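Reviewing the structure listed below.
From a predicted model like this one, the values you see are computed outputs, not experimental measurements.
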Amino acid sequence: MPLLATARTHFTDDIQRARNLARHADPLPPAIVRDDILRAAWMMGVGAADAYFCDAYADLAARTLQSRQVQSTFQISDRMLNLKVPAIAVISNAASDNWRWRMAARQMIEEENVLSIDKIKKLFNQFYRDGHKPFSSTNFDLWIVHTNAKSRLFGVTPTAYRKLIGQAKNQQRDKSVRHFENRMEIIFQRRHDCIHNCDRPKVAINTDNLNLDYINKVLDDICFLVDRFEESILAEFPEWLQSLGATAVTRNRVLQ
């Protein structure tokens, strides 16, 4: 199965479910029920991202572990070497090797909260070579000027960013990284507020931004994060495997 195929399929389905919920709520009269359906669309959108990164991590970890099985000279971290594999994965006659590794990776990811940029970095930076990480200067420059980039994500338009040079560009990039992380934190936090205190971050119910246009922007921004991450890891993961000594035969075997 192609790299990240399962993660992508689930994410596409789940984001569409979120959009369908939002469209269903839009024609309803402004009231508690309408607002709660829009909140549900927001929560499902963030949940789609959470599930995507969990699926992606399990996929990458499984292929990394399989590389070690195929090629004993392949170098991986002690953290992965010491993963605990569920007993059923060992004794099941029907279990494939790839399935065993995915179950082991799942055990690790279940202990993590993926809903923050810092956690995404913590989990996935290990699959990138130095200088190629998704939030590195090179990758982020591409994100800021991407066709789907919005100023609400980066605090600057692609056109304005292209005009910058030297120190001015470096400073704006740093600001844009913070702006992007803050935007994602706002999106993730609203989901936490809805789940943990029914969208009462203080005393009153939060009714801000509960309209179809804003919810669609939230879902678009979630898609931007997932899409740009996926582009970077699909390009980088084979290179990362090679940098750790994986031969062409090994890479072809585990990336099928």
Can you give me every donor-acceptor pair (side chain of residues 202-209, partner residue at least two apart or in another chain, under 3.5 Å) with its distance?
unit_1 : atom_1 : unit_2 : atom_2 : d
Asn206 : OD1    : Asp208 : N      : 2.9

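Residues satisfying the side-chain contact (heavy atoms from CB on, under 4.5 Å) test with Ala5, not counting sequence neighbours, are Met1, Pro2. Remark: Glu181 pairs with Lys121 by the salt bridge (Lys or Arg N to Asp or Glu O under 4.0 Å) rule, at least two apart or across chains. For Tyr161, the ring-ring contact (aromatic ring centres under 6.0 Å, His included) test picks out no residue, with sequence neighbours left out. Applying the salt bridge (Lys or Arg N to Asp or Glu O under 4.0 Å) test to Asp227 and every residue at least two apart in sequence or in another chain returns Arg8. The salt bridge (Lys or Arg N to Asp or Glu O under 4.0 Å) check on Asp35 picks up nothing, with sequence neighbours excluded. For Arg200, the salt bridge (Lys or Arg N to Asp or Glu O under 4.0 Å) criterion is met by no residue, not counting sequence neighbours. Under the ring-ring contact (aromatic ring centres under 6.0 Å, His included) criterion, Phe180 pairs with Phe140, Trp143, Phe154, sequence neighbours left out.
Leu241 is listed as a side-chain neighbour of Leu255, based on a closest heavy-atom distance under 4.5 Å. A 4.5 Å side-chain heavy-atom check between Phe53 and Val226 finds at least one atom pair inside the cut-off. Proximity of Cys223 to Ile15: side-chain heavy atoms (C-beta onward) are separated by under 4.5 Å at one or more points.
Residues Ile186 and Ile117 are members of separate hydrophobic clusters, defined by side-chain heavy-atom contacts under 4.5 angstrom among Ile, Leu, Val, Met, Phe, Trp and Tyr. Under the 4.5 Å side-chain heavy-atom criterion for grouping Ile, Leu, Val, Met, Phe, Trp and Tyr, Leu28 is connected to Met44 within one hydrophobic cluster. Put simply, Phe124 and Phe237 are part of the same group of oily side chains (I, L, V, M, F, W, Y) that touch within less than 4.5 Å, one to the next. Transitive grouping of hydrophobic side chains (ILVMFWY, heavy atoms separated by less than 4.5 Å) keeps Leu210 and Leu21 in distinct clusters. Cluster annotation: Val177 and Ile222 are assigned to the same hydrophobic cluster (Ile/Leu/Val/Met/Phe/Trp/Tyr, side-chain heavy-atom contacts under 4.5 Å, transitive).
Note that CG of Leu60 is 9.0 Å distant from CD of Gln126, once rounded to the nearest 0.5 Å. To the nearest 0.5 angstrom, Arg39 atom CZ is 13.0 Å from Ile195 atom CD1. Distance check, rounded to the nearest 0.5 Å: CZ of Phe224 to OG1 of Thr147 gives 9.5 Å. Atoms OG and CZ, from Ser232 and Phe127 in turn, are 12.5 Å apart once rounded to the nearest 0.5 Å. Rounding to the nearest 0.5 Å places CZ of Arg228 at 10.0 Å from CG of Leu153. Note that the CE atom of Met184 and the CD1 atom of Ile120 stand 9.0 Å from one another [nearest 0.5 Å].
Across Phe11 and Ala48, no two heavy atoms sit closer than the pair CD1-O, 3.4 Å. Heavy atoms only, all atoms of each residue included: Leu164 and Lys169 are closest at O-CD, 3.6 Å. Heavy-atom minimum distance, Pro158 versus Ile144: CG-O, 3.5 Å. Across all their heavy atoms, Arg34 and Asn211 have their closest contact at NH2-CA, 4.0 Å.
Under 3.5 Å, the side chains of Thr12 and Gln16 contain no donor-acceptor pair of N or O atoms. Side-chain atoms of Glu239 and Tyr128 form no donor-acceptor pair, as typed in the model, at a separation below 3.5 Å.
Under the 3.5 Å distance criterion, the side-chain polar atoms of Gln71 are matched with a main-chain donor or acceptor of Thr247. With hydrogens and angles ignored, the 3.5 Å screen pairs a side-chain donor or acceptor of Glu236 with a backbone N or O of Arg129. Of the possible donor and acceptor atoms, one in the side chain of Arg162 sits under 3.5 Å from a partner among the backbone N and O of Val145. Counting only distance, with no hydrogens or angles, the side chain of Asn139 and the backbone of Phe135 share no donor-acceptor pair below 3.5 Å. Between the Ser136 side chain and the His132 main chain, no donor and acceptor come within less than 3.5 Å of each other.
Ion pairing of Asp213 with Lys217 is present here, as a side-chain N (NZ or NE/NH1/NH2) and a carboxylate O approach within less than 4.0 Å. The pair Arg17-Asp14 counts as a salt bridge, with a side-chain nitrogen and a carboxylate oxygen less than 4.0 angstrom apart. A salt bridge links Asp59 and Arg63; the closest N-O separation between the charged side-chain nitrogens and carboxylate oxygens is under 4.0 Å.
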*asked:* Would Val46 and Ile187 count as a side chain to side chain contact (heavy atoms under 4.5 Å, CB included) here? Give the steps.
replied: CA-CA 8 Å; Val46 176; Ile187 291 173; 3.7 Å; yes

_Residue pair Asp50, Phe188: steps toward the side chain to side chain contact (heavy atoms under 4.5 Å, CB included) verdict_ = CA-CA 10 Å; Asp50 189 15; Phe188 294 158; over 6 Å; no

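For the salt bridge (Lys or Arg N to Asp or Glu O under 4.0 Å) condition, the pairs that include at least one residue of residues 186-198, sequence neighbours left out, are Arg190-Asp199. Here salt bridge (Lys or Arg N to Asp or Glu O under 4.0 Å) pairs that include residues 134-144, with residues two or more places apart or in two chains, are Asp141-Arg173. For residues 148-159, every residue pair satisfying the side-chain hydrogen bond (donor to acceptor under 3.5 Å, both in side chains) rule, not counting sequence neighbours, is listed here: Arg152-Asp221. Sorted by first and then second residue, the ring pair (Phe, Tyr, Trp, His ring centres under 6.0 Å) pairs involving residues 20-43 (not counting sequence neighbours) are Trp42-Tyr214.
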